[in-house]
Amino acid sequence: MSAAHIARTMTTALLLAASTLRAQGTIASQGFGYPTGQLTSRAAATGGALSEFDNTGTQNPAALMYWGVAGAYMQYSPERRATKVGNATVTTTIPLFPVFAIGLPAGQKYSFGLSSSTLLERNFDATIVARQLIRTDSVTVASVATARGAMSDIQFGAAMQVKTWLRAGAALHLITGSNRFNVTRNITPDTTARADSATYDRIQENSTATFSGRALSFGVEITPSKKFNVAASTRLGFGLKAELSDSSRKEADVPNRAGIAARYDLAGTTLAVRYNWEGWSAMRGLGAQSGGVFDSKEFGVGAEVPGPKIRGSQILLRVGARSRDLPFGIGGRQPTERVFGGGLGMPFAFGRAQIDLGVERAARKVPGLSNVSERGLTMSVGFRLRT
């Protein structure tokens, strides 16, 4: 087989692999990956509705005032995804450490925080085996593609108690991360269709993209009454750069974001609603527009209610639901996601520590592609520590 024949074979294999990645890669991991929402276990269990009021979260820097005393938070949230394309189902398990936060109050009027959260997560594998006939040569091309990576949002925030009814905050965001893409191809001649026994070397291609960007966020919380709170925040994104392994560079912007939420507290029970918008289309300059890059909207509602007491500690029960769009499309169509969740918070060590447990059931689909669907099950564990 000539070098030209081999080149054509590799090109065809690459096109087939790309087609299969679209089908067998998860709906959530299209484009630059899945937006985790940057939610803590508590916020996720309430449909994201409490995220604007969560001091350990990353949405509203004004919420840093809720720390009260110095503390830390860490979280582990593995997700099991089952992607169905026609009659075929592919299952993957994604380990995630979506949020880590430290709070440092300074008296009753100021509070500072440092956090790291996952902005986008990408993790999938795909395999395709194809038999091809080139002139009189029959070969089998097996391609295996993997993608691993994430974008992280590192924040340095500060908040202030401006008035008894007003809190305000601001944060600097540094976006960093990488995506590693690998394709391995094995070309095997069909000995039943040819007389010789030629062999071909394994072909392996690797590509790495590293990301860097920055943003600013601002937030407020207004308390018009003891039982009712309103919080809002916005993120203003600036330059986002992708450095590719071949030394080329692409530029775009960190997505802008805006969210607003309201909560009502009565006899220990908290009811909350939230709306969030994110301008993911600002990332089109990085080259992720083949399947479409879309802005997204999210609606969430949730509740946190007192549960039973165990050894004098009040257990908190949580439930919530949210509906949102996903930013990276398939064939020009924007996927949607519906999530139902719940969980509980268990304080111990005289209130100096707390474990937050949560579970979320997600259903994802692509409008116009009735034979493509995905379900995700996330088990979340968060640990809070106060000094």
Side-chain angles (χ1 to χ4, degrees), residues 37-40 42-73 99 101-115 117 155-173 215-236 256-278 298-306 314 316 318 320 322 345 347 351-352 354 356 384 386-387:
Q38 301 173 273
L39 302 177
T40 64
R42 179 195 182 206
T46 57
L50 287 179
S51 62
E52 295 283 346
F53 306 95
D54 192 349
N55 59 300
T56 58
T58 62
Q59 303 291 314
N60 189 346
L64 290 171
M65 291 302 304
Y66 281 106
W67 275 105
V69 297
Y73 175 82
V99 181
I102 296 175
L104 298 170
Q108 300 296 316
K109 196 171 183 179
Y110 302 99
S111 188
F112 302 91
L114 169 65
S115 68
S117 59
Q155 297 184 34
F156 304 88
M160 177 181 180
Q161 187 78 47
V162 182
K163 301 286 185 179
T164 57
W165 53 271
L166 175 63
R167 294 173 172 177
L172 170 66
H173 302 245
L216 292 173
S217 66
F218 305 92
V220 296
E221 182 180 347
I222 300 173
T223 308
S225 70
K226 292 183 178 180
K227 297 180 179 180
F228 184 68
N229 293 52
V230 176
S233 63
T234 184
R235 181 182 67 216
L236 304 177
N256 293 338
R257 187 194 68 82
I260 186 169
R263 59 183 285 179
Y264 182 75
D265 298 287
L266 179 63
T269 295
T270 298
L271 305 175
V273 295
R274 173 180 178 250
Y275 169 79
N276 189 72
W277 172 88
E278 205 143 1
E298 179 177 342
F299 301 89
V301 59
E304 185 177 70
V305 302
Q314 181 73 66
L316 296 173
R318 300 164 182 147
R322 58 188 171 119
R352 293 188 177 274
Q354 179 169 310
D356 295 318
R384 303 170 186 246
R386 294 158 53 90
T387 58

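Counting begins at 1 with the first residue of the sequence.
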Can you find a heavy atom in the side chain of [X] that is under 4.5 Å from one in the side chain of [Y]?
{"X": "Tyr66", "Y": "Thr56", "answer": "no"}
{"X": "Tyr73", "Y": "Asn55", "answer": "no"}
{"X": "Leu316", "Y": "Val305", "answer": "no"}

Open item on the list: Going by side-chain hydrogen bond (donor to acceptor under 3.5 Å, both in side chains), name the residues that satisfy it together with Arg167, two or more places apart in sequence or in a different chain.
Closed with: Gln161
Which heavy atom in [X] sits nearest to a heavy atom in [Y], and how many Å separate them?
{"X": "Ala159", "Y": "Ala62", "result": "CB-O, 4.0 Å"}
{"X": "Phe53", "Y": "Ala231", "result": "CE2-CB, 3.6 Å"}
{"X": "Asp356", "Y": "Gly345", "result": "OD1-CA, 3.6 Å"}
{"X": "Leu39", "Y": "Val99", "result": "O-CG2, 3.8 Å"}
{"X": "Gly157", "Y": "Leu64", "result": "C-CD1, 3.6 Å"}
{"X": "Leu104", "Y": "Ala70", "result": "CD2-CB, 4.3 Å"}

[atom1]-[atom2] distance between [X] and [Y], expressed to the nearest 0.5 angstrom:
{"X": "Met160", "Y": "Phe112", "atom1": "CE", "atom2": "CZ", "result": "10.5 Å"}
{"X": "Arg263", "Y": "Phe228", "atom1": "CZ", "atom2": "CZ", "result": "11.0 Å"}
{"X": "Ser115", "Y": "Ile102", "atom1": "OG", "atom2": "CD1", "result": "9.5 Å"}
{"X": "Gln59", "Y": "Arg235", "atom1": "CD", "atom2": "CZ", "result": "8.0 Å"}
{"X": "Lys227", "Y": "Thr270", "atom1": "NZ", "atom2": "OG1", "result": "12.5 Å"}
{"X": "Asn229", "Y": "Ile222", "atom1": "CG", "atom2": "CD1", "result": "10.0 Å"}

Would you be so kind as to tabulate the donor-acceptor pairs closer than 3.5 Å made by side chains of residues 43-52, with sequence neighbours excluded?
{"residue": "Thr46", "atom": "OG1", "partner": "Arg42", "partner atom": "O", "Å": "3.3"}
{"residue": "Thr46", "atom": "OG1", "partner": "Ala43", "partner atom": "O", "Å": "3.0"}
{"residue": "Ser51", "atom": "OG", "partner": "Gly48", "partner atom": "O", "Å": "2.8"}
{"residue": "Ser51", "atom": "OG", "partner": "Arg274", "partner atom": "NE", "Å": "2.9"}
{"residue": "Glu52", "atom": "OE1", "partner": "Asn60", "partner atom": "ND2", "Å": "3.4"}
{"residue": "Glu52", "atom": "OE1", "partner": "Ser233", "partner atom": "OG", "Å": "2.9"}
{"residue": "Glu52", "atom": "OE2", "partner": "Ser233", "partner atom": "OG", "Å": "3.1"}

Open item on the list: Can a donor-acceptor pair be found, under 3.5 Å and without considering hydrogens, that links the side chain of Thr234 to the backbone of Arg257?
Closed with: yes
TODO: Not counting sequence neighbours, which residues clear salt bridge (Lys or Arg N to Asp or Glu O under 4.0 Å) with Asp54? List them please.
DONE: Arg384
